[in-house]
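Here is the structure we will look at.
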There are 4 protein chains.
Amino acid sequence: MRKIKTKIKNPDLVEKRRNQISQAALALFREKGFHATSMRTICQKAKVNLGSFYDYFGSKEDILVHLYKEIMNRKLHWAPADGKPADFKDIEDLLRLSMSNAWSRDNNAIQLLYQETTSLDKKTRKEVFQIESNFVKWVAEKFREGLSLPSVSTELELAANMLVYVNAFIPLRGWNMSHIKQEEILDFAVGMFMTILKALSQREAIR
Amino acid sequence: MRKIKTKIKNPDLVEKRRNQISQAALALFREKGFHATSMRTICQKAKVNLGSFYDYFGSKEDILVHLYKEIMNRKLHWAPADGKPADFKDIEDLLRLSMSNAWSRDNNAIQLLYQETTSLDKKTRKEVFQIESNFVKWVAEKFREGLSLPSVSTELELAANMLVYVNAFIPLRGWNMSHIKQEEILDFAVGMFMTILKALSQREAIR
Amino acid sequence: MRKIKTKIKNPDLVEKRRNQISQAALALFREKGFHATSMRTICQKAKVNLGSFYDYFGSKEDILVHLYKEIMNRKLHWAPADGKPADFKDIEDLLRLSMSNAWSRDNNAIQLLYQETTSLDKKTRKEVFQIESNFVKWVAEKFREGLSLPSVSTELELAANMLVYVNAFIPLRGWNMSHIKQEEILDFAVGMFMTILKALSQREAIR
Amino acid sequence: MRKIKTKIKNPDLVEKRRNQISQAALALFREKGFHATSMRTICQKAKVNLGSFYDYFGSKEDILVHLYKEIMNRKLHWAPADGKPADFKDIEDLLRLSMSNAWSRDNNAIQLLYQETTSLDKKTRKEVFQIESNFVKWVAEKFREGLSLPSVSTELELAANMLVYVNAFIPLRGWNMSHIKQEEILDFAVGMFMTILKALSQREAIR
DNA sequence: AATGAATGAGAATTCATTCAT
DNA sequence: CATGAATGAATTCTCATTCAT
């Protein structure tokens, strides 16, 4: 993923300031959208000088890139990425882990990811899509393993896609379900996926 | 939903021009986002004079409002709203109908609905949410009827929510599944929901 | 030469506003230089709205392009360019005409031309140089005709170059000669060139 | 000429750093102009810390002042200035010396002098003009001596002016004559001035 | 009802300069 | 004496909207 330019030499400071800024920006972007949020407002909220901003980022768009990188990194907490497999017992555990992960913590950041796709330049957008795509493949593979199937069928791939979708959009649509407990939604979703996967597994077995 | 102001007296002309403009805008909004699209560009594409625009709409935001109204109206083709119930045999038919509807036709408009939520002012946004919410309730009720259940359980409501989600987001995320046929995805999704609903139905029966 | 973009449809108005703006800019550029002059200042002086400026020009640099075009057009009053040869009896007449032309009228504009070469983007700069170069060739040819020589020697070309130089820079360096009458300087310069050309002519004759 | 302030006590270091910086700046100014060149770029090229710059110069403009001083000093290699007369046999020698001097060595610096006049504040600009003016007078006096004339006529002064002009601008306009050898141009220019001066001399003799 | 020009607030970004260590 | 981060004013340009005809 594209590297963000900086004029600052101390890498710890760069990290600190970038987070400081991007966290402030995240809240504002979520609320008003990327374009409707001005650099002035962001810097005021982040308590960073407007001029200094450009010492840490190359442009406004770079904030999005930074946020996306962060999201991707955290998502990889339950994905292998650099080889480190996440720790889970079985498929149900995987499902529960991934969901509670996506739904609780990065709420805002993930929502943003899907809100502001159009605000990214084409190249960066493509990269984001690619990472997602790889991730879906990995999930499908986990499903295959967990169900002891010989290969990844189209339907398994679709199920993997669906999981990633649900993880992405449940937080986005929290609005409609505010009267239902988070816990209950989680249970329902896990149950739903288990039902689907079992059904798939049986169908495959018959063939 | 808030009425859009106009200075023009001929209502047919108003309708015609508004559609002309909002269709041009829709394509542009989807591609570049609401804020990144200028009024100039919209009017050029719509072949409407930039000055005339403000005879038919009160502001740029009004285009969104107009589009949302339209979307809602079409959604109600398979929902009752003004009393006209859509025509379907059973739940499977309902699922298939709703999905092929959402996935094929309003692709762009629905995607926009979820992209540009933040570009609406709070009041309008709330109205959109409310309509959605009512719609979910209606779907849940249809599920209850189709499954011959005595009441709408939380899980049924969640399932209804999930359907609306999936309908909204499948088109948004078409990107990851471009190698799979639309038909196959539809079959999978319908099958998935049937599995879930049947499982729910059985569980309820046991109680 | 590159066309300047405009959003205005009435071409007379475009011409009028562009001149209005570029004349104000010319004075300021000459005084403080291109970069040190802000768009705000230019528009204030030109009594044009800062926003409107961009209806008539595409960018700040376009003002320079416009000015250069104007200069070139006037220079061609005594050059053929599009076929119309300027009217003069003999070489001495040509010299006097060209000089009084360059020294009196376009004073400011010509000075600017040589001051702000670096402020033009490469492509435009190249075009300006090319026009100059062609012009020098035309002058050399006139010299050849006037002296009834068979061909343009290197020295004749150098003399032509020198004339164009002198015409360009006498106004630029008026400062050092402010105590001498314009008339006297003109006489001296014409005499100087006549002396040079005659000497050249004789030398060629001997060969 | 105005003294440039410094906070540094070691004068050798000051001299060294100032040259280091101004040489880097010279190249950049010539290429992009004074205002379009940023302090950051200059200091990067000069390999001097951006903060340190202000220990050796008071401001960006001071670089220009420093460069102008240097130019003036070198020009005085063939002028008396601090009393040291340059060494030449006759007028032709003087002409050739001055030209090859101006055309070869300080190419960049002299061009800059005339490019960036407007970037100097008024006071400094006036000083530069004054030095030039004195220099022209000195050249005129040398002409008078060489031609054994009783006094400096207006025409002689104009000829001196012309020499200084030509020396200043030949390098600036090298562009149009790139196909002709430097040597040939030099010969032509020397010949040209000799012709003019001889003609002047004869005319004066007749009076 | 349509046209096209005008308006002015606000956007992102750059830059010379200063300051603390 | 050097370093590198901070400052904030200024700059070019865009845009939704209004106005006069």
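Quick note on labels: first sequence line is chain A, next is B, and so on, each numbered from 1.
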- Note on the structure: Parsed dot-bracket for DNA chain F after applying the Watson-Crick and G-U rules with both distances under 3.5 Å and | for other-strand partners is .||||||||||||||||||||

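Each of D:Lys7 and C:Lys7 lies near DNA chain E, and the nucleotide nearest C:Lys7 is the one positioned closer to the 5' end. Residues C:Lys9 and B:Ile8 each lie close to DNA chain E; by heavy-atom proximity, the contact nearer the 5' end of the strand is made by B:Ile8. When each of C:Phe34 and D:Leu13 is assigned the nucleotide of DNA chain F with its nearest heavy atom, D:Leu13 is the one assigned upstream, toward the 5' end.
Every side chain to side chain contact (heavy atoms under 4.5 Å, CB included) that C:Ile8 has, sequence neighbours left out, goes to C:Thr6, C:Leu13, C:Val14, C:Asp55, C:Tyr56. Residues forming a side-chain hydrogen bond (donor to acceptor under 3.5 Å, both in side chains) with A:Ser119 (at least two apart in sequence, or on another chain): A:Glu116. Partners of A:Gln44 by side-chain hydrogen bond (donor to acceptor under 3.5 Å, both in side chains), not counting sequence neighbours: none found. Remark: A:Glu15 pairs with no residue by the side-chain hydrogen bond (donor to acceptor under 3.5 Å, both in side chains) rule, at least two apart or across chains. Taking C:Ala27 as the reference, C:Lys45 meet the side chain to side chain contact (heavy atoms under 4.5 Å, CB included) condition, with sequence neighbours excluded. In this view, A:Thr124 and A:Met1, A:Arg2, A:Val65, A:Leu120, A:Asp121, A:Glu127 satisfy the side chain to side chain contact (heavy atoms under 4.5 Å, CB included) rule, not counting sequence neighbours. Remark: B:His66 pairs with B:Asn19 by the side-chain hydrogen bond (donor to acceptor under 3.5 Å, both in side chains) rule, at least two apart or across chains. Partners of C:Glu31 by side chain to side chain contact (heavy atoms under 4.5 Å, CB included), not counting sequence neighbours, listed by chain and number: C:Leu28.
Between the B:Lys60 side chain and the B:Thr37 main chain, a donor and an acceptor come within less than 3.5 Å of each other. Although no hydrogens or angles enter the test, the distance criterion places a donor-acceptor pair under 3.5 Å between the side chain of A:Ser22 and the main chain of A:Arg18.
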- Message: Please determine whether side-chain contact (heavy atoms from CB on, under 4.5 Å) holds for the pair A:Ile63 and A:Phe34, giving the CA-CA distance in whole Å, both sets of side-chain angles, and the decisive distance to 0.1 Å.
- Response: CA-CA 10 Å; A:Ile63 307 178; A:Phe34 178 77; 5.5 Å; no

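Of all non-hydrogen atoms in B:His35 and A:Ala36, the two that sit nearest each other are CE1-CB, 3.5 Å.
Using a 4.5 Å heavy-atom threshold, the side chains of D:Ile42 and D:Phe29 count as touching.
Rounded to an integer number of Å, the gap from C:Tyr56 OH to F:dT14 C1' is 17 Å. What separates CG of C:Leu28 from C1' of F:dT11 is a distance of 16 Å, to the nearest Å. Between the P atom of F:dA16 and the CD1 atom of B:Ile21 lies a distance of 14 Å, rounded to the nearest Å.
Within residues 35-54 of chain D, the residues having any heavy atom under 4.0 Å from DNA chain F are, by residue number, D:Asn49, D:Gly51, D:Ser52. Within residues 59-66 of chain C, the residues that place at least one heavy atom under 4.0 Å from DNA chain F are, in residue-number order, C:Ser59, C:Lys60.
Bracketed by its first and final contacts, the part of DNA chain E lying under 4.0 Å from non-hydrogen atoms of chain B reaches from E:dA1 to E:dG4 in 5' to 3' order.
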